[in-house]
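Notes follow once the structure below has been shown.
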Amino acid sequence: MKLADLRKLATKQETRIRFAIAGGLECVVTERGIAEVPGLQGTPKFNLETELASAREFHFEPARHPGRKGPVPTRLLTRDEVARLLAPAPAATTEHDDE
């Protein structure tokens, strides 16, 4: 799983994806496909691709839309569950009688 994959998924599903990184920080991939680290001051001493490789839990939350009220429901997914979301859909097969 690469950061580019998460960025595509976030835009496709109009979802924010959060995962923990070093130093008690978290990375947020926005519904626009932008990876942000809130609270980061200055140049980071880490690589997001490397941090993503060690992430085990991902929080998915729908993007806020104007007019939406109340709490935003969040789903917690494991690395394997996110990998399944990223997997290409199986090709459709058709059956033919070759008689």
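Bear in mind the structure is a predicted one, so any value in this text is a computation, not a measurement.
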Between [X] and [Y], which heavy-atom pair has the shortest distance, and what is it?
| X | Y | answer |
| --- | --- | --- |
| Glu57 | Leu76 | CB-CD1, 3.8 Å |
| Pro38 | Glu26 | CD-O, 3.5 Å |
| Val29 | Arg7 | CG1-CA, 3.7 Å |
| His59 | Thr74 | CB-CG2, 3.9 Å |

Test item: [X] and [Y] side chains (from C-beta on) under 4.5 Å apart, heavy atoms:
| X | Y | value |
| --- | --- | --- |
| Leu9 | Leu86 | yes |
| Thr30 | Thr11 | no |
| Leu52 | Cys27 | no |
| Leu6 | Met1 | yes |
| Leu25 | Leu40 | yes |

Please check this pair: side chain of [X] against backbone of [Y], looking for a donor-acceptor N/O pair closer than 3.5 Å.
| X | Y | value |
| --- | --- | --- |
| Glu51 | Ala22 | yes |
| Glu49 | Leu3 | yes |
| Gln13 | Ala10 | no |

Calculate, to the nearest 0.5 Å, the distance between atoms [atom1] and [atom2] belonging to [X] and [Y] respectively.
| X | Y | atom1 | atom2 | answer |
| --- | --- | --- | --- | --- |
| Asp80 | Arg56 | CG | CZ | 8.5 Å |
| Ile17 | Glu61 | CD1 | CD | 10.0 Å |
| Arg84 | Arg79 | CZ | CZ | 13.0 Å |
| Leu85 | Lys12 | CG | NZ | 9.0 Å |

What residue among Glu81, Arg75, Arg18 forms side-chain contact (heavy atoms from CB on, under 4.5 Å) with Phe60?
->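 Exactly one option meets the side-chain contact (heavy atoms from CB on, under 4.5 Å) with Phe60, and it is Arg75.
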If a pair satisfies salt bridge (charged side-chain N to carboxylate O under 4.0 Å, His left out) and one of its residues is in residues 37-48, list it, with sequence neighbours excluded.
->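 Those involving residues 37-48 do not exist here.
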With sequence neighbours excluded, what pairs up with Phe19 under the ring-ring contact (aromatic ring centres under 6.0 Å, His included) test?
->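 Once residues adjacent in sequence are excluded, the partners of Phe19 under the ring-ring contact (aromatic ring centres under 6.0 Å, His included) criterion are Phe58.
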